[in-house]
Amino acid sequence: MTAAVTLVMTMTVANAQNPVVQTWFTSDPAPMVSGDRIYMYVGHDEDNADFFWMYEWRVYSSSDMVNWTDHGSPIDLSSFQWADDRAWASQTIERDGKFYWYFCAHSNISKGMAIGVAVADSPTGPFRDALGKPLYEDGKWDHIDPTVFIDDDGQAWIFWGNPVVYYAKLNRDMISFDGEVKTVNQTVEGFGAPNAAERNRETKYKDCYVEGPWIMKRNVFLTDKKGKKAKKPTGIYYLLYAAGGIPEHIAYSTAPSPEGPWTYRGNIMPQEDTKSFTNHCGVADFKGHSYFFYHTGKLPGGGGFGRSAAVEEFTYQADGLFPIIHHTDEGVAPIGTLNPYQRVEAETMAWSVGVKSETNDKTGVYISEINNGDYIKVREVDFGEQSPKTFTASVASALQGGKIEVRLDSIEGQQVAVLDVPRTGGWEQWQVLKTDITEDVTGKHDLYLVFTGNKGAKLFNFDWWEFGVR
């Protein structure tokens with residue numbers, strides 16, 4: 001990373017939380033809550049791309065909404081014999097103890113885009129091709145961006161498409177259809193414009209569906225004109241989508257059933273200077289909070305083909321509708337703390353500058369491309385009332401190594417420890433090293449792990465860290 005880019009990122013880090021991942025470009029975020037963690041399934045835009053060059057999907061998770069753990073890439077195009085290009089948008093859902101990851105990719109069978117599905121026993125995999133073939137394909141190019149949900153009666157639904165909205169019921173097995181694939185009849189009343197094939201180029205419509213659907217349902221206790229709350233909830237189905245053409249904004253429609261009739265409701269995230277001409281959203285409720293996920297092109301080097309996941313907290317209106325949600329650099333507030341007295345993966349972070357993540361079968365995910373002046377920030381680290389005595393880390397270096405400066409609350413904040421990293425004999429020859437804490441540390445702090453060493457050279461790789469009380 002150049003000095004200029006590092007300076008730009010350092011100047012904004014004090015209040016920045018968006019984008020939530022800085023090590024890779026991460027597009028089309030799809031959140032899923034499982035247990036006490038929220039998982040974010042994303043596409044991966046390649047660095048320096050001039051189109052949507054995407055070959056893998058990645059997973060991140062958090063328990064506090066600010067520190068995100070990188071779980072690597074559980075599936076990529078090579079995971080599917082029938083897929084050969086364009087690992088575009090996806091969504092994962094849990095059912096009966098299994099996790100189903102729906103995605104789109106170019107098919108070497110039909111030579112068009114296709115909808116596929118992978119399955120695993122955990123939200124981070126390992127995933128496998130559930131069918132050995134696409135779930136749906138017919139040679140057309142509009143089969144992209146699948147979205148799924150399970151209704152209160154147990155019926156699962158899947159939607160996808162650009163500019164047509166396809167949908168179908170899924171059987172209980174989640175890998176086959178219950179009935180035929182249908183299309184949504186788009187109307188001015190339902191989506192702001194009629195079906196794409198019926199639009200008049202000379203007519204100015206109030207909006208139009210483009211791509212990136214997100215299907216969901218909420219049971220809302222509505223209030224009447226006198227403010228009296230209903231005794232029974234009303235089920236409202238929401239279809240959120242990228243709208244309006246290029247550049248895109250996020251709009252939505254609602255309906256009393258997954259099959260309509262749909263009513264256009266307007267914008268959720270208006271067109272703003274996000275540095276990306278596309279957008280793609282997902283929504284999740286987690287630990288009593290509602291979150292809206294989307295992407296921007298605001299990382300250094302990013303843009304329309306280098307997008308990055310971001311998130312905002314919001315509150316539904318009393319009538320069950322969405323408020324207007326604006327993109328921010330600040331992102332969301334933490335809803336938990338991090339325990340420093342247990343192993344913390346180096347790839348768990350709230351912000352980073354300069355570093356990348358890598359994966360191998362033995363070590364898993366670890367942090368690499370560490371250079372002088374790079375750093376990792378971890379938020380809401382709770383040291384409690386008793387100061388730790390030691391700092392331990394697992395590191396590897398094929399060259400001269402470097403140092404990890406352990407600082408509080410800023411990259412130039414109070415230094416409480418320094419860990420010397422020697423040459424270990426290779427970039428994956430790991431050593432566990434320990435150093436003493438030199439200043440008392442109690443209470444909650446943002447932790448900065450600042451890397452120093454020879455300028456211009458890769459210093460070391462970093463797997464995990466923890467503090468000790470003895």
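Summarising the geometry, atom OG belonging to S308 is positioned 8.0 Å from atom CG belonging to D45; distances are rounded to the nearest 0.5 Å. Once rounded to the nearest 0.5 Å, the distance linking CG of D329 with CG of N18 reads 7.0 Å. With values rounded to the nearest 0.5 angstrom, I250 atom CD1 is found 11.0 Å from Y294 atom OH. Note that CG of L408 and CG of L447 are 6.5 Å apart. Values are rounded to the nearest 0.5 Å. Taken to the nearest 0.5 Å, the CG atom of L240 stands 6.5 Å off from the CE atom of M216. Atom SG in C281 sits 8.5 Å away from atom CD1 in I325 (nearest 0.5 Å).
Residues passing the salt bridge (charged side-chain N to carboxylate O under 4.0 Å, His left out) test with R172, sequence neighbours excluded: D96. In this structure D420 satisfies the salt bridge (charged side-chain N to carboxylate O under 4.0 Å, His left out) test together with K403, sequence neighbours excluded.
Note on D409 versus K444: no salt bridge recorded, every NZ/NE/NH1/NH2 to OD/OE distance being 4.0 Å or above.
Taking every heavy atom of both residues into account, R407 and G413 meet most closely at NH1-O, 2.8 Å. When every heavy atom of W465 is checked against every heavy atom of A346, the shortest pair comes out as CD1-CA, 4.4 Å. In plain terms, the two heavy atoms of W24 and D70 that are nearest each other are CD1-OD2, 4.3 Å. In terms of heavy atoms, H295 sits closest to T278 at NE2-OG1, 3.0 Å. The nearest pair of heavy atoms linking V378 to T348 is CG2-O, 3.8 Å.
Taking the ring centroids of W101 and Y41, they lie under the 6.0 Å cut-off. Proximity of the aromatic rings of F103 and F80 is defined here by a centroid distance below 6.0 angstrom, and this criterion is met. Between F383 and F467, the distance from one ring center to the other falls under 6.0 angstrom. Y39 has its ring centre no less than 6.0 Å from the ring centre of Y60.
The only option from F159, W157, W160 that meets the ring-ring contact (aromatic ring centres under 6.0 Å, His included) definition with Y166 turns out to be W160. Considering W88, F52, W141 in turn, W141 is the only one that fulfils the ring-ring contact (aromatic ring centres under 6.0 Å, His included) rule with H106. Of the residues listed (Y136, Y167, F177), the one engaging I158 in a side chain to side chain contact (heavy atoms under 4.5 Å, CB included) is F177, and it is the only one.
Using bins of under 30°, 30° to 60° and over 60° for the plane-to-plane angle, the ring pair Y316/Y238 lands in the tilted bin.
Under 3.5 Å, the side chains of H143 and N162 contain no donor-acceptor pair of N or O atoms. Side-chain contact, E345 with Y366: no donor N or O sits under 3.5 Å from an acceptor N or O. The closest side-chain donor-acceptor pair between D129 and W82 falls under 3.5 angstrom. Counted by atom type alone, N360 and E428 present one or more donor-acceptor pairs between their side chains at under 3.5 Å. Between the side chains of W68 and S61, not a single donor N or O lies within less than 3.5 Å of an accepting N or O. For D285 and S290, the side-chain atoms include at least one donor-acceptor pair closer than 3.5 Å.
Side-chain atoms of S368 never come within 3.5 Å of backbone atoms of N461 as a donor-acceptor pair (strictly under, hydrogens ignored). Formation of a donor-acceptor pair under 3.5 Å by the S110 side chain with backbone atoms of S107 is not found in this model. Judged purely by atom type and a 3.5 angstrom limit, D178 has no side-chain atom pairing as donor or acceptor with the backbone of K169.
Contact annotation: the side chain of R218 never approaches that of V283 to less than 4.5 Å [non-hydrogen atoms, C-beta and beyond]. Residues I376 and F451 form a side-chain contact, since some pair of their non-hydrogen atoms from C-beta on lies under 4.5 Å apart.
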> Does the pair D64 and R37 meet the rule for a salt bridge (charged side-chain N to carboxylate O under 4.0 Å, His left out), with working shown?
Replying inline: CA-CA 8 Å; D64 56 22; R37 297 189 72 82; over 6 Å; no
